[in-house]
**Q** 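After the structure tokens below, expect a handful of questions from me.
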2 protein chains.
Amino acid sequence: MTDSPKKSASSLCERQALAQPCPIRDVLDRIGDQWSLLVLDALAPGRRRFNEMLREIGDVSRQMLSRTLKQLEQDGFITRTAYPEVPPRVEYALTDLGRSFQAPMGALVAWADEHHRAIVEARQRYLAGAGG
Amino acid sequence: MTDSPKKSASSLCERQALAQPCPIRDVLDRIGDQWSLLVLDALAPGRRRFNEMLREIGDVSRQMLSRTLKQLEQDGFITRTAYPEVPPRVEYALTDLGRSFQAPMGALVAWADEHHRAIVEARQRYLAGAGG
DNA sequence: CAGCATCCCACGCGATACTG
DNA sequence: CAGTATCGCGTGGGATGCTG
């Protein structure tokens with residue numbers, strides 16, 4: 001498939017010309033996709049190999065890790081370095097772009113940590129009020 | 001269904017006890033779900049009615065808007081106020097929690113705006129290098 | 001107008017076997 | 001070890017008709 005013909009009319013996306021898809025949606029599609037954030041987090045301490053990340057993240061399949069890494073590499077968040085050895089060795093690492101993303105990501109993490117309790121409580125209040 | 005039996009082994013989620021699911025995953029599951037962010041954004045200027053948002057967002061179905069609103073209400077991001085009139089009128093508005101979320105969301109939006117060009121360029125470079 | 005119930009298809013994603 | 005190709009299931013989500 002080429003590209004989704006959908007249009008997003010939100011002001012969130014209309015803040016720039018739509019030559020490119022909405023940056024937010026673009027970024028959100030990446031970090032919102034279940035694994036990218038975990039991968040980015042796994043790479044935060046330093047370079048990692050494929051199976052290393054596979055084990056570290058734990059509940060990701062090879063296919064999804066592979067896809068996610070490729071996506072992140074494609075978008076310039078990480079680099080992929082293959083060493084022509086045998087057995088093969090491939091290492092992934094954050095780029096400057098990837099590292100710069102840790103700031104807003106950190107803000108999000110901090111907010112989540114700070115307000116998670118409130119969210120959980122809101123859910124419980126909701127269930128109590130609506131009767132499940 | 002009760003709850004996903006999946007476990008996330010990432011340090012991103014191990015920063016607190018896992019009595020609750022990882023706050024980040026929890027928050028990400030919400031804002032990463034294609035519509036929540038758009039809804040939150042639509043409500044930023046002030047209260048909105050159902051069909052108003054439906055039109056404003058543009059490419060969201062009734063069902064998904066309904067679900068998203070319910071989720072956000074449940075999580076304490078927004079309030080739902082039904083006026084016992086005929087025809088019925090329902091208004092949605094951000095809560096304090098919802099408004100507080102605009103800070104990290106703003107950071108993310110700013111980052112996306114600032115680096116979107118770099119991401120697009122990285123993609124083009126990737127395509128050029130890998131030959132599609 | 002608000003929004004839930006139903007139908008249905010597309011695709012996300014895990015499992016697995018295969019390649020280099 | 002580091003992936004890719006294939007298969008199959010589960011579900012996200014659009015379209016739409018019905019209800020209050």
Side-chain angles (χ1 to χ4, degrees), chain A residues 1-8 25 28-39 42-43 47-74 78-93 130-132, chain B residues 1-9 25 28-39 42-43 47-74 78-93 130 132:
Chain A
M1 69 195 80
T2 55
D3 210 2
S4 175
K6 298 291 187 66
K7 55 182 170 52
S8 285
R25 293 293 289 269
L28 252 291
D29 279 357
R30 195 85 325 126
I31 72 158
D33 78 346
Q34 198 76 205
W35 299 120
S36 292
L37 220 45
L38 282 312
V39 169
L43 286 175
R47 40 188 44 239
R48 289 277 181 279
R49 301 179 58 172
F50 187 86
N51 279 352
E52 224 173 347
M53 305 186 68
L54 205 60
R55 274 179 253 288
E56 188 165 344
I57 296 178
D59 59 348
V60 64
S61 66
R62 282 211 293 255
Q63 183 177 87
M64 284 319 294
L65 181 57
S66 179
R67 282 190 198 173
T68 302
L69 286 168
K70 188 155 292 184
Q71 287 277 302
L72 289 172
E73 185 198 0
Q74 184 169 346
I78 66 177
T79 56
R80 177 184 181 281
T81 312
Y83 298 87
E85 308 171 351
V86 41
R89 179 165 59 102
V90 179
E91 292 190 340
Y92 295 90
Chain B
M1 68 196 80
T2 56
D3 210 359
S4 174
K6 297 292 188 63
K7 55 181 171 54
S8 283
R25 292 295 287 270
L28 252 291
D29 280 355
R30 196 85 325 125
I31 72 158
D33 78 348
Q34 197 76 203
W35 300 121
S36 292
L37 219 45
L38 282 313
V39 169
L43 285 175
R47 42 189 40 239
R48 288 279 182 277
R49 300 179 59 173
F50 188 85
N51 279 351
E52 226 174 346
M53 305 185 68
L54 204 60
R55 276 180 252 287
E56 189 164 342
I57 296 178
D59 60 348
V60 65
S61 66
R62 282 206 295 239
Q63 181 177 85
M64 284 319 293
L65 181 56
S66 179
R67 280 189 200 174
T68 304
L69 287 168
K70 188 154 291 184
Q71 288 275 302
L72 290 173
E73 185 198 359
Q74 184 170 347
I78 66 177
T79 57
R80 176 184 181 280
T81 311
Y83 297 88
E85 306 171 351
V86 41
R89 179 164 58 101
V90 178
E91 292 190 340
Y92 295 90

**Q** Whole-Å distance between C:dC1 P and B:L65 CG?
**A**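 The distance from CG of B:L65 to P of C:dC1 comes to 14 Å, rounded to the nearest Å.
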
**Q** Nearest-Å distance, CE (A:M53) to P (D:dG3)?
**A**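 It is 11 Å, rounded to the nearest whole Å.
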
**Q** Heavy atoms from C-beta onward define the side chain here; which of C:dG3, D:dC1, C:dC1 lies closest to that of A:R49?
**A** D:dC1

**Q** In whole angstroms, how far is the P atom of C:dT16 from the CG atom of A:L54?
**A**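 Rounding to the nearest Å, CG of A:L54 and P of C:dT16 are 14 Å apart.
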
**Q** Just how far, in rounded Å, is C1' of D:dG13 from CG of B:D33?
**A** 11 Å

**Q** With a 4.0 Å cutoff (strictly under), does any side-chain N or O of A:K70 reach OP1 or OP2 of D:dG3?
**A**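 Checking A:K70 against D:dG3: no side-chain N or O falls below 4.0 Å of OP1 or OP2.
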
**Q** Name all residues meeting the side chain to side chain donor-acceptor pair (under 3.5 Å) criterion together with B:E73; count only those two or more places apart in sequence or in a different chain, and write none if there are none.
**A** none

**Q** Once you round it to whole Å, what is the distance between C1' of D:dG12 and CZ of B:R30?
**A** 14 Å

**Q** May I have the step-by-step check of side chain to side chain donor-acceptor pair (under 3.5 Å) for A:Q63 and A:R67, ending in yes or no?
**A** CA-CA 6 Å; A:Q63 183 177 87; A:R67 282 190 198 173; 3.0 Å; yes

**Q** What's the separation between atom CG in B:L65 and atom OH in B:Y92, rounded to the nearest 0.5 Å?
**A**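 If we round to the nearest 0.5 Å, B:L65:CG and B:Y92:OH are 7.5 Å apart.
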
**Q** Looking at DNA chain D, which of residues 79-88 of chain B put a heavy atom within less than 4.0 Å of it?
**A**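 Residues of residues 79-88 of chain B that come under 4.0 Å of DNA chain D are, in numerical order, B:P88.
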
**Q** Heavy atoms from C-beta onward define the side chain here; which of C:dG3, C:dC1, D:dG14 lies closest to that of B:Q63?
**A**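 Between C:dG3, C:dC1, D:dG14, the one nearest the side chain of B:Q63 would be D:dG14.
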
**Q** Look at the side chain of B:R62 and decide which nucleotide, out of C:dA2, C:dT16, D:dC18, has an atom nearest to it.
**A** D:dC18

**Q** What nucleotide, of C:dA2, D:dC1, D:dG3, holds the atom closest to the side chain of A:N51?
**A**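 Shortest atom-to-atom distance from the side chain points to D:dC1.
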
**Q** Side-chain N or O of A:S61 versus OP1/OP2 of C:dA15: is the shortest distance under 4.0 Å?
**A** no

**Q** How many Å lie between CZ on A:F50 and P on D:dT4, as a whole number?
**A**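 Distance check: A:F50 CZ to D:dT4 P gives 8 Å.
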
**Q** Does the side chain of A:M53 reach to within under 4.5 Å of the side chain of A:V60, using non-hydrogen atoms?
**A** no

**Q** Write down the atom of A:L69, the atom of A:I78, and the distance for their closest heavy-atom approach.
**A**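 Shortest heavy-atom separation between A:L69 and A:I78 comes out as O-CD1, 3.5 Å.
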
**Q** What is the separation between atom CD on A:E91 and atom P on D:dC1, rounded to the nearest whole Å?
**A**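 For the pair A:E91 CD and D:dC1 P, the rounded distance is 14 Å.
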
**Q** From CE of A:M64 over to C1' of D:dC9, roughly how many Å is that when rounded to an integer?
**A**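 To the nearest whole Å, that distance equals 16 Å.
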
**Q** What pair of heavy atoms forms the shortest contact from A:W35 to A:I57, and how long is it?
**A**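 Closest approach of A:W35 to A:I57, heavy atoms only: CZ3-CG2, 4.1 Å.
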
**Q** I need the A:D59 CG to A:Q34 CD distance, nearest 0.5 Å.
**A**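 If we round to the nearest 0.5 Å, A:D59:CG and A:Q34:CD are 8.0 Å apart.
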
**Q** Is A:S66 near enough to D:dG3 that one of its side-chain N or O atoms lies under 4.0 angstrom from OP1 or OP2?
**A**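 It does not, given that no N or O in the side chain of A:S66 lies less than 4.0 Å from OP1 or OP2 of D:dG3.
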
